[in-house]
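Heads up, the thing below is written out as structure tokens.
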Amino acid sequence: MTGMNENPLDLLPEVLLAASAVLGLLLGAWLPRRRQWLIGAMAGAACIGGIVAAAIAAAGPVETAFGAAFAIDPLTATSRIVILGGTLLVLALAMPRLYADPRETEFYVLLQLAATGALVLAGAQDLLLLAAGYLLASVPAYALAGFRKDDPGTEAALKFYVVGALLGVLMLVGITVLLAAGRATAYPMLRSEFAEAPAGLVAVGTLALLAGLLFKAGGVPGHFWVPDAVQGSSAPVAAFLTTIPKVGALAALYRLAAVPLADADLPWADLVAVLSVASMTLGNLAAFFQQDVKRLLAYSTISQVGYLLLPVAVAGRTDLDQEALLYYLSGYALTNLGAFAVVCALPEAHTIDDYRGLARTQPALPASLAVCLLGLVGTPPTAVFLGKLEAFSAALDGGYAWLAVVAAVNTVASLFYYLRWIAPAFLARAPAGDSPKTSRTAAVIAYGAATGSVVLGLLGGIVLDVLGGPLAP
């Protein structure tokens with residue numbers, strides 16, 4: 001234990017969120033129903049405090065904590081800010097809907113615990129900590145999916161749990177196999193051991209581990225839960241499930257590729273490239289004729305995983321990989337949450353037809369929707385445009401030109417189903433009757449997220465310079 005850094009302040013963002021969840025659970029048992037919003041406010045304060053702590057830590061040196069099990073580097077710092085910022089937006093979307101709900105406190109606690117799991121995934125530099133982060137990010141999320149206790153929510157939670165439990169067990173088996181192959185769980189030690197370990201054993205363990213992380217990311221082959229879980233859960237929960245765990249899982253995948261698997265005799269890059277193509281193609285094809293807006297966004301998020309895997313596939317092969325992944329994750333999180341904020345703002349609009357003629361009665365909302373959906377396509381000057389450009393450049397620079405071409409073709413194809421949603425809102429005539437009910441809080445968040453996506457895109461050069469730097473040793 002000599003020399004082991006066990007300073008809890010190194011994990012201050014994670015500690016703040018976890019402590020807020022525990023304290024909130026205790027206080028919630030005593031607060032009257034109409035005062036439980038205070039637990040949500042405390043959760044928001046924990047997120048803001050965590051963002052400040054992460055920003056301060058990002059300005060410091062790259063280091064590790066708790067026996068090198070947790071990394072404090074640009075990858076962790078950016079993931080912390082994105083995860084905590086995204087959780088803060090989800091809290092803002094959920095609080096007006098949950099006011100005076102009998103289980104309001106429980107929702108905030110589950111949300112914070114799941115976000116803490118995503119934070120652990122992003123910074124984990126040890127297989128055992130990675131497993132703990134996976135479980136912490138998964139179990140509360142199962143409860144969130146079925147939080148409404150109605151038939152769609154129950155089905156969503158059941159499918160989510162069954163797929164997660166299966167792939168979680170497979171992931172634990174993979175960790176066991178990798179422990180046998182590398183005789184360690186710490187990433188730096190595994191990197192040297194894998195170079196001499198039996199390639200077959202390392203390959204089996206890596207495949208099993210990859211399956212679990214792709215479940216959290218919502219990519220092929222762990223994508224089966226996404227459409228039903230997103231459609232069956234409430235809109236704020238759907239926004240959370242398609243954004244926050246994805247950030248932690250993709251950061252974990254990148255760290256695995258860049259550290260323990262960097263010197264292993266495995267076709268890791270080719271495998272990730274194939275999964276990238278499968279995710280973006282399947283997501284786009286399945287989204288083409290969807291009518292339910294949440295289900296459309298669910299397949300959209302599967303396709304986005306494909307693009308986000310491009311920098312992972314070329315990890316260590318180019319200097320553009322880390323910046324491309326982190327910037328794309330930031331832009332995607334803001335833009336995807338903006339699209340879901342529009343869905344939250346119109347709680348009675350469930351299908352594309354429900355948005356017909358919306359621009360004639362509430363022009364700001366469809367304008368925000370158009371910015372976010374076209375942003376997900378990759379339209380300038382939004383953040384996802386520059387993120388995709390950086391990801392494509394990383395793939396080209398890393399020797400995967402064919403992958404960049406396939407991703408570009410998929411990007412053009414995705415424009416079809418996004419326009420199927422946007423066009424009726426602007427071009428069709430609104431149906432007779434009253435204008436749809438609107439949530440002002442969610443509408444404001446939608447306006448802010450759409451504006452933020454454009455601003456982040458315009459400031460892309462400055463932001464990209466900040467995202468560079470070495471990973472923790």
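Numbers for residues simply follow the sequence, beginning at 1.
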- [ ] Kindly determine whether Leu374 and Leu415 satisfy side chain to side chain contact (heavy atoms under 4.5 Å, CB included), including the steps that lead there.
- [x] CA-CA 8 Å; Leu374 292 177; Leu415 182 63; 4.0 Å; yes
Task: Spatial distance of atom SG (Cys372) from atom CG (Leu297) [nearest 0.5 Å] - done: 10.0 Å
TODO: Enter the distance from Gln231:CD to Asp292:CG here, rounded to the nearest 0.5 Å.
DONE: 4.0 Å
Task: Side chains of Arg148 and Val237 in contact at under 4.5 Å (non-hydrogen atoms) - done: no
- [ ] Kindly say whether Ala472 contributes a backbone atom to a donor-acceptor pair with the side chain of Asp73 at under 3.5 angstrom?
- [x] yes
TODO: Check whether any side-chain heavy atom of Asn410 lies under 4.5 Å from a side-chain heavy atom of Ser303, and answer yes or no.
DONE: no
- [ ] Using modelled atom types only, decide if a donor and an acceptor are shared between the side chain of Gln304 and the backbone of Leu376 within a distance under 3.5 Å.
- [x] yes
- [ ] Using atom types as modelled and distance alone, determine if a side-chain donor or acceptor of Ser300 lies under 3.5 Å from a backbone N or O of Leu296.
- [x] no
Open item on the list: Does Met42, at its CE atom, have more than 12 non-hydrogen atoms belonging to other residues, nucleotides or ligands within less than 6.0 Å?
Closed with: yes
Task: side chain to side chain contact (heavy atoms under 4.5 Å, CB included) evaluation trace for Arg103 with Phe147 - done: CA-CA 9 Å; Arg103 295 179 295 130; Phe147 193 79; 3.6 Å; yes
Task: Polar contact flag, side-chain donor to acceptor under 3.5 angstrom, Tyr327-Thr78 - done: no
Open item on the list: If I take atom CG from residue Leu373 and atom OH from residue Tyr417, how far apart are they, to the nearest 0.5 angstrom?
Closed with: 9.5 Å
TODO: Mind running side-chain hydrogen bond (donor to acceptor under 3.5 Å, both in side chains) on Asp321 and Tyr254 for me, showing each step along the way?
DONE: CA-CA 9 Å; Asp321 51 356; Tyr254 179 82; 3.1 Å; yes
Open item on the list: Between Leu271 and Leu207, is there a side-chain heavy-atom distance shorter than 4.5 Å?
Closed with: yes
Task: Pair Thr301, Asn336: side-chain N/O donor-acceptor within cut-off below 3.5 Å - done: no
Open item on the list: Show the nearest heavy-atom pair for residues Val109 and Ala21, with the distance to one decimal.
Closed with: CG2-O, 3.5 Å
Open item on the list: For the CG atom of Leu261 and the OH atom of Tyr187, what is their distance to the nearest 0.5 Å?
Closed with: 8.5 Å
Open item on the list: What's the separation between atom CG in Leu11 and atom CG in Leu17, rounded to the nearest 0.5 Å?
Closed with: 12.0 Å
Task: Which atom of Arg255 lies closest to which atom of Ala122, heavy atoms considered - done: NH2-O, 3.2 Å
Task: With Leu253, the side chain to side chain contact (heavy atoms under 4.5 Å, CB included) member among Leu308, Leu121, Leu214, Leu325 - done: Leu214
TODO: Determine whether Thr335 and Thr382 make a side-chain contact, defined as any pair of heavy atoms from C-beta on separated by less than 4.5 Å.
DONE: no
Task: Tyr142, OH atom: more than 12 neighbouring heavy atoms under 6.0 Å - done: yes
- [ ] Using a 4.5 Å cut-off on heavy atoms from C-beta on, say whether the side chain of Leu12 contacts that of Ile56.
- [x] no
Open item on the list: Restricting to non-hydrogen atoms, name the atom on Ala211 and the atom on Leu170 that form the minimum distance, rounded to 0.1 Å.
Closed with: CB-CD2, 3.8 Å
Task: Within 6.0 angstrom of Asp270 CG, more than 12 heavy atoms from elsewhere - done: yes
- [ ] Quick one: pull up CG in Asp10 and CD1 in Ile72 and give me the separation to the nearest 0.5 Å.
- [x] 4.0 Å
Task: Minimum-distance pair of heavy atoms, taken over all atoms of Leu386 and Gly457 - done: CD2-O, 4.2 Å
TODO: Determine yes or no for a side-chain-to-main-chain donor-acceptor pair under 3.5 angstrom, with Trp268 supplying the side chain and Leu256 the backbone.
DONE: no
Open item on the list: For the backbone of Val272 and the side chain of Ser276, can you confirm whether one donor and one acceptor N or O come within less than 3.5 Å of each other?
Closed with: no
TODO: Mind listing the closest non-hydrogen atom pair of Ala58 and Ala77 along with its distance?
DONE: CB-CB, 3.6 Å
Task: Heavy-atom donor-acceptor pair, Gln322 side chain to Leu467 backbone, under 3.5 Å - done: yes
Open item on the list: For the backbone of Ile83 and the side chain of Thr87, can you confirm whether one donor and one acceptor N or O come within less than 3.5 Å of each other?
Closed with: yes
Task: Within-4.5 Å side-chain heavy-atom neighbours: Thr76 and Phe70 - done: yes
Task: Ile48 and Leu88, any side-chain heavy atoms less than 4.5 Å apart - done: yes
- [ ] Report the relative orientation of the aromatic rings in Tyr328 and Tyr307; use parallel for angles under 30°, tilted for 30 to 60°, perpendicular for over 60°.
- [x] parallel
Open item on the list: Leu130 vs Met171, test: side chain to side chain contact (heavy atoms under 4.5 Å, CB included). Steps then yes/no.
Closed with: CA-CA 10 Å; Leu130 185 70; Met171 178 179 173; 3.8 Å; yes
Open item on the list: Does Glu14 form a side chain to side chain contact (heavy atoms under 4.5 Å, CB included) with Arg80? I'd like the steps, not just the answer.
Closed with: CA-CA 9 Å; Glu14 293 77 13; Arg80 280 171 163 175; 2.9 Å; yes
Open item on the list: Checking the side chain of Lys246 only, and the main-chain atoms of Leu329 only, is there a donor and an acceptor separated by less than 3.5 Å?
Closed with: no
Task: Side-chain donor or acceptor of Lys294 paired with backbone N/O of Ser233 under 3.5 Å - done: yes
Open item on the list: Ignoring hydrogens and geometry beyond distance, is a side-chain donor-acceptor pair present between Ser20 and Tyr108 at under 3.5 Å?
Closed with: no
TODO: May I ask you to check whether Asn284 and Ser414 show a side-chain donor-acceptor distance below 3.5 Å?
DONE: no
Task: Test item: Tyr400 and Arg317 side chains (from C-beta on) under 4.5 Å apart, heavy atoms - done: yes
TODO: State, to 0.1 Å, how close Val312 and Leu250 come at their nearest heavy-atom pair, and which atoms those are.
DONE: CG2-O, 4.4 Å
